**Student:** 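Would you mind keeping the following structure in view while I ask a few things?
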Protein chains: 2
Amino acid sequence: MTKLLVRISEQSRQFSETEKKISDYILNHAELIPNMTTKELATKADVSEASVTRFVKKIGVGSFKTFKITLAKEMAVKESFITDFSILQKKDTPYEMFQKVVHVNKNAIDMTMESLDKKELEAAVEAIKGAKKLVFYGVGGSAIAAQDAVVKFAKLGFEVEFNMDFHYMLSRIPYLNENDVFIAISMSGKTKDVLDMMHVAKSYGAKIIAITNLDKSPLYKKADIRLATPTVEADFRIASIASRMTQLTVIDTLYVSIFNQIGERMLDKFHAARDHVIRLRR
Amino acid sequence: MTKLLVRISEQSRQFSETEKKISDYILNHAELIPNMTTKELATKADVSEASVTRFVKKIGVGSFKTFKITLAKEMAVKESFITDFSILQKKDTPYEMFQKVVHVNKNAIDMTMESLDKKELEAAVEAIKGAKKLVFYGVGGSAIAAQDAVVKFAKLGFEVEFNMDFHYMLSRIPYLNENDVFIAISMSGKTKDVLDMMHVAKSYGAKIIAITNLDKSPLYKKADIRLATPTVEADFRIASIASRMTQLTVIDTLYVSIFNQIGERMLDKFHAARDHVIRLRR
DNA sequence: TCGTTATATGAAATTTTATTTCGTGAATTT
DNA sequence: AAATTCACGAAATAAAATTTCATATAACGA
């Protein structure tokens, strides 16, 4: 805890009921305070605005504004004590939601650093670099990552394919061969459609890269190369958003790595494409 | 120097005389800023208050208050070691790339905290909550965010629409009315297709929410509600990946906020849908 | 016990701070 | 040269913080 917060909790036994309500809220939601107004804090703590301004004076801070700035500074230093962001409260305002989303997403991306294996990543980059055709497949939330991958790798000149439709996608698999790569994306690694598609692709000799949770799922076991995403344990309402960030981070890494290695020889085409877009679209 | 100050000094050559006066004062007296008011800074820099508030927007920060808090936080952190992650080296290994991607993405999400305005966010949530129909539109990289939004809001029971095809999408717009919301997504805020579509939607009375860079772009100016994303200045190879993260963070926030507010009354349907998926798909 | 005084609190008024609007003049384009 | 765009500050407005004031309740003394 920061000095200011310590001071508050030390003094708390001399507080009146109203003051205690305020200090409770502050101690439990310290990181939100710098972006709040007296009115908001008053509402949250169920006291009047006047009591809030009086409170900060009581704990020896000149004004509410100073209080906010001081708190922001102190909290910046010691970072990481985030009061249970995993539980979304019914009464949370959109801005609080925003702060939680930011936290959850940053955290998810951080966790990817722990799950993704260096060697597997290198193998994946090699495989894609040498590939003629790339097929991505994912359903539901993972379709977004697949979609994103298509946009990116198409720009690099790859023959890329992805379609949400299982049957259409299936009809394209027989054209794959040993030179091609099939990238399966699934959080759980158990999604039937993805597994089925993967088996067919494998039977045609395509190399299988799985972007899936670090877990002994069917997809994880059967893939040639495993790019593991972390299992982000959280409230079910935000579980999918965090995991999508991890998938995208993996895709981004593949894209940037490939770009870096083969980019030079197609930089003019890349720029040409971008120029066309700018000229025609704005 | 902190990130924010670096950003200011980098941009300083595009500044007008008035803006330069402000940036000079800020760069020379950074530690004083968090405790100053717009009027004080205006007096010190010998400009008007209006110019001060406009200045912070120009450098990509949503409000003067946010600016002060951000600066206070940054200055509290000693010597923020700025390993230059922006420049990708030819010799970088995939794993080094990965670390940079992680850094860039986390950073992009952080910057969104500076650009997104609390009030606009609240207005957006209100608008969407009261809407019957939602239409998302974005092209290129921004299409991913639109796609993602569709998946999310469909789950909440909204009538949602998005299609990459301009002409198809256009044919759907006449069915919009005052009760509906059109969400335009564009980094630059200049994309012709998006602007055209927005104008048509507006003519039918739909409320316009823009998810676009904090900048005086046509889209930014014409929208009813502006959810500003930061201008992530970086290597062109990674610019798009970072900006997409910011868009998704905004979408996530909308989704979680709406869920929280209207979620209860449809929780059973939400779970039912999820159960169907689990039963049929795995 | 009753009246008096001190204390805590919120509502409302006031002051301060931030943002937006509007008009002017300079610069740029047509 | 006319028209348009742009930057800017003054003034209006909106929002946020603080103070004032009235009231209720607790504490105290007769």
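Please read these numbers as outputs of a predicted model, since none were measured by experiment. Order of the sequence lines fixes the chain letters, A, B, ..., with proteins taken first and strands second; residue numbering starts at 1 for each chain.
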**Student:** Which residue pairs satisfy the salt bridge (charged side-chain N to carboxylate O under 4.0 Å, His left out) criterion with at least one member in residues 132-142 of chain B, sequence neighbours excluded?
**Tutor:** B/K132-B/E159

**Student:** Find the distance A/F55:CZ to D/dA17:P and express it as a whole number of Å.
**Tutor:** 16 Å

**Student:** With sequence neighbours excluded, give me every ring pair (Phe, Tyr, Trp, His ring centres under 6.0 Å) pair touching residues 18-49 of chain B.
**Tutor:** B/Y25-B/H29

**Student:** Enumerate the salt bridge (charged side-chain N to carboxylate O under 4.0 Å, His left out) contacts for residues 139-151 of chain B, please, sequence neighbours excluded, ordered by first and then second residue.
**Tutor:** A/R244-B/D148, B/D148-B/K152

**Student:** Whole-Å distance between D/dT18 P and A/L41 CG?
**Tutor:** 12 Å

**Student:** Which pairs pass salt bridge (charged side-chain N to carboxylate O under 4.0 Å, His left out) with one or both residues in residues 20-42 of chain B, sequence neighbours excluded?
**Tutor:** B/K21-B/D46

**Student:** Please state how far atom NZ in B/K68 lies from atom C1' in C/dT17, giving the value in whole angstrom units.
**Tutor:** 8 Å

**Student:** Using whole Å, report how far CD of B/E19 lies from P of D/dC6.
**Tutor:** 13 Å

**Student:** Rounding to an integer number of Å, can you tell me how far B/K65 NZ sits from C/dT16 P?
**Tutor:** 18 Å

**Student:** Let me know the distance between NZ of A/K57 and P of C/dA8, rounded to the nearest Å.
**Tutor:** 16 Å

**Student:** Taking atom C1' of C/dG10 as reference, at what distance in whole Å does atom CD of A/E17 sit?
**Tutor:** 16 Å

**Student:** How close or far is atom P of C/dA18 from atom NZ of B/K39, stated in whole angstroms?
**Tutor:** 10 Å

**Student:** Shorter than 3.5 Å, N or O on both sides, protein versus nucleotides 9-13 of chain D: list them out with atom names.
**Tutor:**
{"from": "D/dG9", "atom 1": "OP2", "to": "B/S48", "atom 2": "N", "distance (Å)": "3.2"}
{"from": "D/dG9", "atom 1": "OP2", "to": "B/S48", "atom 2": "OG", "distance (Å)": "3.0"}
{"from": "D/dG9", "atom 1": "OP2", "to": "B/S51", "atom 2": "OG", "distance (Å)": "2.5"}
{"from": "D/dG9", "atom 1": "N7", "to": "B/R54", "atom 2": "NH2", "distance (Å)": "2.9"}
{"from": "D/dG9", "atom 1": "O6", "to": "B/R54", "atom 2": "NH1", "distance (Å)": "3.2"}

**Student:** Enumerate the residues from residues 116-124 of chain B whose closest heavy atom to DNA chain D is under 4.0 Å, giving them by residue number; use none for an empty result.
**Tutor:** B/K119

**Student:** Determine the interplanar angle of the B/F153 and B/F158 rings, folded into 0 to 90°, and report it as parallel if under 30°, tilted if 30 to 60°, perpendicular if over 60°.
**Tutor:** perpendicular

**Student:** Between B/R226 and B/D117, is the closest basic N to carboxylate O distance under 4.0 Å?
**Tutor:** no

